[in-house]
Amino acid sequence: MEWSVIQKKVGPLLWLLVISTVLVLFIMHSSPAFSVSIKAVLTQSPLVTASDVTNQSASLPANTGGVTPVHDGSSSPQLSADGIEEQCDTSKGKWVREPGASIYTNLTCPTYPDINNCGKYGKDQSYLYWRWQPDGCDIPRFEPETFLNIVRGKRMAFVGDSLARNQIDSLLCLLSQVTSYAFIAGANSTPEISRSYDLQHDALILVQAETPREVSRDSSGKYVTWYFPPHDFTLMVMWTEYFVEARPRIINGTASNSFEIHLDRVSTSWAEKLPGVDYAVLSGGNWFFRAIHLYEEGKIVGCVNCREQNLTEFGVAVTIRRALRTALRFISSCEDCEGLVTFLRTFTSSHFENGSWLTGGYCNRTQPSNETRTPPDDVAWEIRKIQLEEIERVRRPESGGKTRFGVLDVTKAMMLRADAHPGDHWTKKSKASVNDCLHWCLPGPIDMWSDLLLATLEKKFLPS
Ligand SMILES: *[C@@H]1O[C@H](CO)[C@@H](O)[C@H](O)[C@H]1NC(C)=O
Ligand SMILES: *[C@@H]1O[C@H](CO)[C@@H](O)[C@H](O)[C@H]1NC(C)=O
Ligand SMILES: *[C@@H]1O[C@H](CO)[C@@H](O)[C@H](O)[C@H]1NC(C)=O
Ligand SMILES: *[C@@H]1O[C@H](CO)[C@@H](O)[C@H](O)[C@H]1NC(C)=O
Ligand SMILES: *[C@@H]1O[C@H](CO)[C@@H](O)[C@H](O)[C@H]1NC(C)=O
Ligand SMILES: *[C@@H]1O[C@H](CO)[C@@H](O)[C@H](O)[C@H]1NC(C)=O
């Protein structure tokens, strides 16, 4: 009997559920219908499908709640000075077919955002059945209970643009799913279940992980905080387009699509909320493709995408480098950020064909690309390189930084997923709204970013 395991994993409210289920299981144990029933329970769970249990067990990480997994995650880590090493090069690999769907759906996620509900708006669901397979390692599938145990008592902030929001929406859905198992002796399990979990135990009880509770939201919905009471975990999203101070340019009295940004001044709107945060995930880049006037020391120094003859054109990549450096310097020297670990989620490009976010275009591909080569002049690849260089710079001991930095390297994987954006399958506000070839359908490949975050936090990638 694993009662201590059960006690640890189950909040007081769920005790009733567990105890009543135990009773039911023990009663059913005496009936020949039992093994059929437990299988039915498993197949109805969004996490463990029948095909998972019978065919996919070898490729799934063990969901063994307290039982030691069979693997030890030995891969060749690239050690950096501060210990947040990238253990697995996730920038090389391919999308492989994955018969098991995501652990959540638009029906099982309590915080599900309609804007990413591609299935409801008619998108074919074949984009769900793929898994990112890096060349040298496996990324374990997300395990909500494991994640919540790691972040118990902590505060995590996603800082950035709408893709930061897209990522946190994915994480909220993942965390709300059925995931914990308690093992009860005395009942027969089916051979499939024993094999798949490598257990001597006899029966499984599924326990629901927790539903996030929204505790604060500003009027624009750009700063939202959720709380997970049993794990005392706080999750926040903080909006910033550029990380540095920015405001829309006023042209003829109205705010325009273009911006003025101060490359040397961090934006206080997120920066002053950073103290007290334990984990920050930075997400940005796509706003730098607009027309932007650039300032340093309060003076205009140049611009991006503007046609003014007398201003120096900086280019997107250089501008991202300068703004990111300012943000990372601020974080690394932040006085009240004891213990902060910052992850940079590398850039992902949009997939507009014949257009852009501002002009339109479409993205109606139906399969991931299998292209392994990345053109050397690819903009996304160039931005990723700059992001990695700036992280390396701030990680160097001589930078005198006080906090630690890691990378979630998703650029290449997402470059290949033109098939997984809403496209025209979303709630457009008006007929004139463009297709969305920038954000990602939920569930979808963006869920992998959380797989990667958890594996990085746990320092546990699997040998492939
Ligand atoms: C959920 O998604 C499915 C496609 O997977 C779609 O058919 C259905 O309409 C959606 N339901 C809701 C309530 O959004
Ligand atoms: C501002 O308004 C004036 C007069 O309506 C117009 O001539 C000018 O082109 C406008 N400038 C811009 C940048 O839209
Ligand atoms: C650049 O030229 C525009 C007019 O074409 C002028 O309004 C602006 O002040 C000039 N900027 C600088 C930095 O000289
Ligand atoms: C997309 O643009 C390319 C060149 O810009 C053009 O050759 C092609 O016909 C366009 N395709 C569509 C479907 O408009
Ligand atoms: C994608 O959309 C474009 C423009 O509407 C169209 O020309 C093309 O045939 C579509 N491709 C597929 C695979 O549906
Ligand atoms: C890549 O996909 C194309 C079809 O989109 C296919 O013709 C080609 O054989 C694939 N290449 C590899 C290496 O799988």
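FYI, side chains are in, hydrogens and waters are out, and symmetry mates aren't considered; it's all heavy atoms of this structure. Just so it is clear, the structure is predicted and the values come from calculations on it, not from any experiment.
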> Any side-chain heavy atom of S258 within less than 4.5 Å of one from P248?
Replying inline: no
>> Between N117 and N106, is the side-chain hydrogen bond (donor to acceptor under 3.5 Å, both in side chains) condition met? List the steps.
In response: CA-CA 7 Å; N117 201 346; N106 55 1; 3.0 Å; yes
> Of the non-hydrogen atoms in G444 and Y104, which two are nearest, and what is the gap between them?
Replying inline: N-OH, 4.4 Å
> Using 30° and 60° as the class limits, which term best fits the ring planes of F343 and Y279: parallel, tilted or perpendicular?
Replying inline: parallel
>> I'd like to know if the side chain of T346 reaches the main chain of V410, judged simply by a donor and an acceptor atom lying under 3.5 Å from each other, with no hydrogens or angles considered.
In response: yes
> Is there a side-chain hydrogen bond (donor to acceptor under 3.5 Å, both in side chains) between R131 and Q133 once you walk through the steps?
Replying inline: CA-CA 6 Å; R131 178 175 59 82; Q133 174 67 69; 3.1 Å; yes
> Taking the six-membered ring for Trp, are H351 and H421 parallel (under 30°), tilted (30 to 60°) or perpendicular (over 60°)?
Replying inline: tilted
>> Can a donor-acceptor pair be found, under 3.5 Å and without considering hydrogens, that links the side chain of N166 to the backbone of S162?
In response: no
>> If I compare all heavy atoms of I139 with all of A455, which pair ends up nearest, and what's the gap?
In response: CG2-CB, 4.4 Å
> Is there a donor-acceptor contact under 3.5 Å from the side chain of S333 to the main chain of R329?
Replying inline: yes
> Can we say E389 and R393 salt-bridge, meaning some charged N sits less than 4.0 Å from an Asp/Glu carboxylate O?
Replying inline: no
> After noting the C-alpha distance and the side-chain angles of F330 and L274, does the key distance pass the side chain to side chain contact (heavy atoms under 4.5 Å, CB included) rule?
Replying inline: CA-CA 10 Å; F330 166 79; L274 202 59; 3.9 Å; yes
> Would S332 and K402 count as having a side-chain donor-acceptor pair, cut-off 3.5 Å?
Replying inline: no
> So W449 and W132, side chain to side chain contact (heavy atoms under 4.5 Å, CB included) or not? Walk me through it.
Replying inline: CA-CA 10 Å; W449 302 5; W132 179 242; over 6 Å; no
> For E308 and L311, what are the C-alpha separation, side-chain angles and deciding distance, and is it a side chain to side chain contact (heavy atoms under 4.5 Å, CB included)?
Replying inline: CA-CA 6 Å; E308 288 169 46; L311 287 178; 3.5 Å; yes
> Is T319 reaching over with its side chain to a backbone N or O of G315, donor-acceptor style, under 3.5 angstrom?
Replying inline: yes
>> How about CD on E214, more than 12 heavy atoms from neighbouring residues, nucleotides or ligands closer than 6.0 Å, or not?
In response: yes
>> Can you confirm whether K94 is buried at NZ, in the sense that more than 12 heavy atoms of other residues, nucleotides or ligands lie under 6.0 Å from that atom?
In response: no
> Are D451 and R141 close enough for a salt bridge, meaning some N to O gap below 4.0 Å?
Replying inline: no
> Does a side-chain heavy-atom distance below 4.5 Å link N116 with P113?
Replying inline: yes
> Just wondering, do L340 and D278 contact through their side chains at under 4.5 Å, heavy atoms?
Replying inline: no
> Side-chain contact, heavy-atom cut-off 4.5 Å: N149 with H231?
Replying inline: yes
> For the residue pair V316 and F288, what are the closest heavy atoms and their distance?
Replying inline: CG2-O, 3.4 Å
>> With rounding to the nearest 0.5 angstrom, report the CZ to CD1 distance, R165 to I115.
In response: 9.5 Å
> Tell me, do I261 and E245 make a side-chain contact under 4.5 Å, heavy atoms counted?
Replying inline: no
>> To the nearest 0.5 Å, what is the distance between CG on L294 and CZ on F259?
In response: 13.0 Å
>> Please tell me whether D114 and Y121 have a donor and an acceptor in their side chains that are separated by less than 3.5 angstrom.
In response: yes
>> Please find the pair of heavy atoms, one from A327 and one from F243, that lie closest to each other, and give the distance.
In response: CB-CB, 3.8 Å
> Under 4.5 Å between any side-chain heavy atoms of L172 and L235, yes or no?
Replying inline: yes
> If you draw the axis of the six-membered ring of F233, does the NZ or CZ of K154 fall within 45° of it and under 6.0 Å from the ring centre?
Replying inline: no
> Can W357 and N286 be said to form a side chain to side chain contact (heavy atoms under 4.5 Å, CB included), step by step?
Replying inline: CA-CA 10 Å; W357 182 260; N286 295 88; over 6 Å; no
> Quick one: do R290 and E241 make a salt bridge, cutoff under 4.0 Å?
Replying inline: no
>> Rounded at 0.5 Å granularity, tell me how far CZ in R417 sits from SG in C363.
In response: 12.5 Å
> Does a side chain donor of either D447 or S170 reach within less than 3.5 Å of an acceptor in the other side chain?
Replying inline: yes
>> Using only atom types and a distance under 3.5 Å, with no angle test, would you say the side chain of W95 pairs donor to acceptor with the backbone of A413?
In response: yes
> Between D169 and T111, is any pair of side-chain heavy atoms under 4.5 Å apart?
Replying inline: no
>> Using every non-hydrogen atom in the two residues, find where V301 and F314 come nearest and quote the distance to one decimal.
In response: O-CE1, 3.4 Å
> Is it true that a side-chain atom of N435 and a backbone atom of C437 form a donor plus acceptor pair closer than 3.5 Å?
Replying inline: no
> Does NZ or CZ of K123 fall inside the cone over Y127's six-membered ring, less than 6.0 Å from its centre and within 45° of the axis?
Replying inline: yes
> Step by step, would you call W381 with F347 a ring pair (Phe, Tyr, Trp, His ring centres under 6.0 Å)?
Replying inline: CA-CA 8 Å; W381 202 242; F347 181 75; over 10 Å; no
> Between E296 and R322, is there a salt bridge with N-O shorter than 4.0 Å?
Replying inline: yes
> Side chains of V151 and T234: does their closest heavy-atom pair fall under 4.5 Å?
Replying inline: no
> What heavy-atom pair brings H439 and P422 nearest, and what distance separates the two atoms?
Replying inline: O-CD, 3.2 Å
> For the side chain of Q387 and the backbone of L344, is there at least one donor-acceptor N/O pair under 3.5 Å apart?
Replying inline: no
>> side-chain hydrogen bond (donor to acceptor under 3.5 Å, both in side chains), that's the test. Do T374 and K412 meet it? Break it down for me.
In response: CA-CA 8 Å; T374 306; K412 178 65 188 185; 2.7 Å; yes
> Judged by atom type as modelled, is there a donor-acceptor pair below 3.5 Å linking the side chain of T326 to the main-chain atoms of L263?
Replying inline: yes
> Is the shortest side-chain N to carboxylate O distance from D232 to R152 below 4.0 Å?
Replying inline: no
>> Nearest 0.5 Å, please: how far is SG in C303 from CZ in R249?
In response: 9.0 Å
>> Check whether Y112 reaches the backbone of L107 with its side chain - one donor and one acceptor, N or O, closer than 3.5 Å.
In response: no
> Do you see a donor-acceptor pair shorter than 3.5 Å between the side chains of T146 and E458?
Replying inline: no
> Roughly how far, to the nearest 0.5 Å, is the CD1 atom of I103 from the OG1 atom of T108?
Replying inline: 8.5 Å
>> Between T90 and D409 (side chain of the first, backbone of the second, donor and acceptor by atom type, cut-off under 3.5 Å), is there such a pair?
In response: yes
>> Once rounded to the nearest 0.5 Å, what's the spacing between atom CZ of R265 and atom CD of E297?
In response: 10.0 Å
> Given Y362 and F352, is the ring pair (Phe, Tyr, Trp, His ring centres under 6.0 Å) satisfied, shown in steps?
Replying inline: CA-CA 5 Å; Y362 54 87; F352 290 97; 9.6 Å; no
